[in-house]
Amino acid sequence: QVQLVESGGGLVQAGGSLRLDCAASGRTFSSYAMGWFRQAPGKEREFVASISWNGGRTYYADSVKGRFTISRDNAKNTVYLQMNSLKPEDTAVYYCSYYSGAYPPRSWSQYDYWGQGTQVTVSS
């Protein structure tokens with residue numbers, strides 16, 4: 001079992017920044033890929049970003065490329081999502097996810113564990 005706890009969400013004005021943290025416990029963290037997804041009301045869960053086991057490969061949705069940065073600290077069992085130049089359309093619940101493989105899949109359905117989510121609200 002893996003437990004994932006997100007933090008760092010909140011309310012921010014358009015153009016502002018937030019950093020989301022996801023702390024993992026219960027299983028080896030450093031060998032496995034991690035991802036961030038989001039879900040807005042009435043919409044399907046969508047991919048935001050993902051990172052390979054050692055941080056050597058990162059992937060981003062086109063909608064966040066150049067504004068968001070995913071990173072990880074394996075010594076702290078934590079993955080981060082730095083979000084800059086936030087837009088109202090970034091408003092959603094953001095979920096951290098864990099995949100039992102070294103390189104991340106793109107489909108949310110292939111991830112093995114999920115956090116409880118953290119709300120990000122961007123006001124215009």
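Position 1 is the first residue of the sequence; numbering continues from there. Hydrogens, waters and symmetry mates play no part in the numbers below; they use all other heavy atoms, side chains included. Remember, it's a predicted structure, so these values are computed and weren't measured experimentally.
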Looking at side-chain heavy atoms only, is the closest gap between [X] and [Y] below 4.5 Å?
X    : Y   : answer
V93  : F37 : no
Y95  : L4  : no
D90  : R67 : yes
S100 : R27 : yes
Q119 : T91 : yes
R38  : L81 : no
Y59  : F47 : yes

Would a distance-only check, ignoring hydrogens and angles, find a side-chain to backbone donor-acceptor pair under 3.5 Å from S97 to G35?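 Side chain of S97 to backbone of G35, a donor-acceptor pair under 3.5 Å: yes, one is there.
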Under 3.5 Å, side chain of E6 to main-chain N/O of G117, donor-acceptor pair present?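 Side chain of E6 to backbone of G117, a donor-acceptor pair under 3.5 Å: yes, one is there.
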Give the minimum heavy-atom separation between [X] and [Y], together with the two atoms involved.
X    : Y    : result
Y94  : M83  : CE2-SD, 3.9 Å
G26  : Q3   : CA-OE1, 3.8 Å
V79  : C96  : CG1-SG, 3.9 Å
Q39  : A92  : O-CB, 3.5 Å
S124 : P88  : CB-CG, 3.8 Å
P105 : Y111 : O-OH, 3.1 Å

I'd like to know whether NZ of K65 has more than 12 heavy-atom contacts from other residues, nucleotides or ligands below 6.0 angstrom.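 For K65, atom NZ is crowded (more than 12 foreign heavy atoms under 6.0 Å).
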Counting only heavy atoms not in W114 (residues, nucleotides, ligands), do more than 12 fall under 6.0 Å from its CH2?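 Yes, CH2 of W114 has more than 12 neighbouring heavy atoms, counting only those of other groups under 6.0 Å.
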ILVMFWY network linking [X] to [Y], side-chain heavy atoms under 4.5 angstrom:
X   : Y   : result
I51 : Y32 : yes
Y80 : F68 : no
V2  : L20 : yes
I70 : Y98 : yes

Between atom OG1 of T78 and atom CE of M34, what is the distance when rounded to the nearest 0.5 Å?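 So the gap between those two atoms works out to 9.0 Å.
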Euclidean distance, Y99 OH relative to D112 CG, rounded to 0.5 Å: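 Answer for the CG-OH pair, D112 versus Y99, is 7.0 Å.
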Could you tell me whether the side chains of N54 and S52 share a donor-acceptor contact shorter than 3.5 Å?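 A donor-acceptor contact under 3.5 Å links the two side chains.
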Set out, in order, the CA-CA distance, both residues' side-chain angles and the distance that settles side-chain contact (heavy atoms from CB on, under 4.5 Å) for V48 and Y60, then state yes or no. CA-CA 6 Å; V48 176; Y60 296 94; over 6 Å; no
Cation-aromatic face contact R72/F29, 6.0 Å, 45 degrees: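 Here R72 passes the 6.0 Å and 45° test against F29.
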